[in-house]
Amino acid sequence: MYYVVAVNTLYFSILALSFRNIWTIFRRSHYSKYNTLSGSELVPSVSLLVPAYNEELTIIENVNCLMTLNYPTYEVIVVNDGSSDTTLKVLLEEYRLKPVPNTKIRGKISCQKIRGIYHNPEFPDLYVIDKENGGKADSLNAGINLSHYPLISSIDADSLLEKDALIRMARMYMENPEETVAIGGDVRIANGCKIENGAVQDVSLPRKIWPMFQSIEYLKAFLGGRIGWSHMNGLIIVSGAFGMFRKDAVIAVGGYRDGYPGEDMNIIIKLHRYMLENKLKYRVAFCPEAVCWTQAPDSYRILSSQRKRWGRGNLKNMLENRGMLFNPKYKVMGMLTMPYNILFEALNPYFRITGLLALTGYVLIDMTQWPILLLFGLLNVVSGYLLSVGALVLEEIAFKRYNKLSDLVKMLVYSALKFVGYHQLGVLWRLQGHIQFMQKNNSWGTMTRQSWSEEEKTSEAA
């Protein structure tokens with residue numbers, strides 16, 4: 001009972017901070033003159049890093065999208081991480097890329113062997129690195145070594161950026177470039193949306209049940225959570241799907257951690273530690289109006305594999321950085337963010353399971369009554385539902401990307417339905433991820449893609 005009260009108190013406090021900042025975000029989103037920056041020489045140049053492993057179905061659409069952003073000066077660096085499919089082949093053929101002589105990269109961060117670098121002067125801002133398989137973190141490190149600009153942005157190969165996403169993020173960076181070391185963007189589920197020419201033309205909710213549940217989760221996590229955490233400078237993760245970083249800061253902390261899932265959380269923790277230990281002013285920000293659309297797993301097998309991987313990565317990061325726990329030297333990170341993640345994220349399955357067993361035992365030995373147990377469960381569900389509804393209200397206030405009344409009703413219904421099975425599966429997947437961690441299972445798992453055109457056909461057929 002005390003655990004549930006504590007976690008819900010913290011959840012609602014973070015949500016309250018999100019509401020406190022939503023009007024500022026609304027004004028910035030709707031009235032900011034960010035478009036005037038699109039042709040400005042004052043905007044810092046950015047290197048977009050796109051790790052790609054077996055992404056033959058989506059990579060061309062992704063690159064076409066990235067090459068047409070509203071941004072003055074940037075480059076796109078696709079890193080083929082030893083793909084076993086035709087990812088490299090389709091890139092070389094589509095853009096008529098040729099090998100660049102002297103392919104050795106003289107970078108400051110170690111990575112797997114580079115097999116070749118490809119370029120075509122007709123597409124001067126596009127580079128493709130072909131390297132031996134080393135994982136996503138290793139691919140990002142290779143991209144950093146080749147990059148030419150002071151800012152880097154990590155983009156998943158199955159994701160599409162809105163045309164103004166990067167310039168919105170850069171505008172936030174330019175508010176305080178000396179202190180800003182990282183900015184996270186908002187990630188939304190593209191399943192069900194109409195995609196044309198590498199852009200989301202019509203926003204709609206997924207038709208399938210698994211992506212629909214994830215849409216609700218993402219809204220709650222990004223709008224209901226990360227806005228509040230960033231306000232306290234306690235943000236612990238910038239999604240690997242879309243984030244912007246100051247390159248010198250990433251190099252200073254040794255780049256991305258190789259060989260284990262959870263690299264997106266790990267790099268942010270390392271940046272926090274480095275800045276705090278060196279007594280440097282800094283901020284890790286969140287820009288919810290900079291939107292990235294991504295394909296979500298649409299089957300039980302792929303979704304469970306993803307969530308187990310997240311569970312392993314979270315536990316690994318917490319164990320590696322346990323010295324920050326309740327350490328005042330690390331300020332908000334040490335006194336609030338890390339305790340929250342250990343108690344209410346990493347250890348959540350154990351509290352949930354043992355709490356349920358204890359309450360059931362109390363009823364069986366007559367220490368309490370079934371109505372009390374049911375009331376406790378109902379209050380827990382209602383509080384969780386209100387948190388999801390709060391995120392939907394934030395969405396309606398500031399962004400209103402879902403214009404159909406039917407979509408709003410659907411989100412409200414699924415916000416309730418997720419407590420009947422899906423929520424419990426999340427606890428199970430996290431527990432299984434911990435078991436895999438103990439078994440030293442470092443595998444990334446597989447994500448079956450479909451082309452954006454196939455996704456659109458699937459949505460239309462539904």
Side-chain angles (χ1 to χ4, degrees), residues 46-55 58-59 62 66 76-81 109 111 134-144 147 151-161 165-166 169 181-190 214 217-218 221-222 225-226 229-230 235-247 249-250 253-272 284-288 290-297 302-303 305-317 341 345 433 442-447 449:
V46 181
S47 298
L48 304 183
L49 312 181
V50 188
Y53 178 74
N54 291 351
E55 302 285 358
T58 61
I59 191 63
N62 173 270
L66 295 179
V76 178
I77 301 175
V78 182
V79 185
N80 178 52
D81 189 35
I109 308 173
C111 63
K136 183 177 180 181
D138 189 78
S139 297
L140 289 168
N141 289 337
I144 291 170
S147 63
L151 294 180
I152 57 173
S153 181
S154 59
I155 314 290
D156 276 355
D158 64 331
S159 300
L160 300 173
L161 291 189
L166 204 60
M169 198 173 275
V181 295
I183 304 175
D186 187 17
V187 180
R188 294 179 179 244
I189 303 300
Q214 292 170 79
E217 278 186 318
Y218 277 44
F222 283 87
R226 297 192 186 183
W229 282 112
S230 64
L235 199 61
I236 198 172
I237 185 171
V238 164
S239 175
F242 180 37
M244 179 184 285
F245 302 83
R246 214 173 66 205
K247 185 168 73 172
V250 174
V253 300
Y256 286 83
R257 180 188 64 193
D258 189 20
Y260 215 95
E263 80 294 329
D264 48 1
M265 177 182 287
N266 182 260
I267 190 67
I268 296 300
I269 295 176
K270 289 202 298 186
L271 287 170
H272 278 291
V284 176
F286 176 60
C287 184
V291 177
C292 167
W293 295 89
T294 187
Q295 281 191 23
I302 299 173
L303 178 58
S305 175
Q306 179 197 66
R307 297 310 166 91
K308 292 171 191 176
R309 183 178 75 242
W310 288 3
R312 298 199 312 269
N314 181 272
L315 183 59
K316 173 74 170 179
N317 281 311
N341 272 272
E345 296 291 338
N442 293 342
S443 65
W444 188 263
T446 58
M447 170 67 180
R449 310 289 189 199

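Below, all heavy atoms of this structure are taken into account, side chains as well, without hydrogens, waters or symmetry copies.
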With sequence neighbours excluded, what pairs up with [X] under the side chain to side chain contact (heavy atoms under 4.5 Å, CB included) test?
X	result
S153	V46, L48, I155, L166, F242
I237	R226, D264, M265
W229	I14, M232, L235, L336, T337, Y340

### Atom of D158, atom of T294 and distance for their closest heavy-atom approach
OD2-OG1, 3.5 Å

Who passes side chain to side chain donor-acceptor pair (under 3.5 Å) against [X], sequence neighbours left out?
X	answer
N314	none
S147	K247
N80	S83, D130
S47	E75

### Query
In chain order, what residues pass the ring-ring contact (aromatic ring centres under 6.0 Å, His included) check against Y256, with sequence neighbours excluded?
none

## Note on the structure
Taken in chain and number order and not counting sequence neighbours, the residues that satisfy ring-ring contact (aromatic ring centres under 6.0 Å, His included) with Y53 are none

### Set of salt bridge (charged side-chain N to carboxylate O under 4.0 Å, His left out) partners for K316, sequence neighbours left out
E320

#### Entry: Pairing residues for D156 by the salt bridge (charged side-chain N to carboxylate O under 4.0 Å, His left out) criterion, not counting sequence neighbours
K136

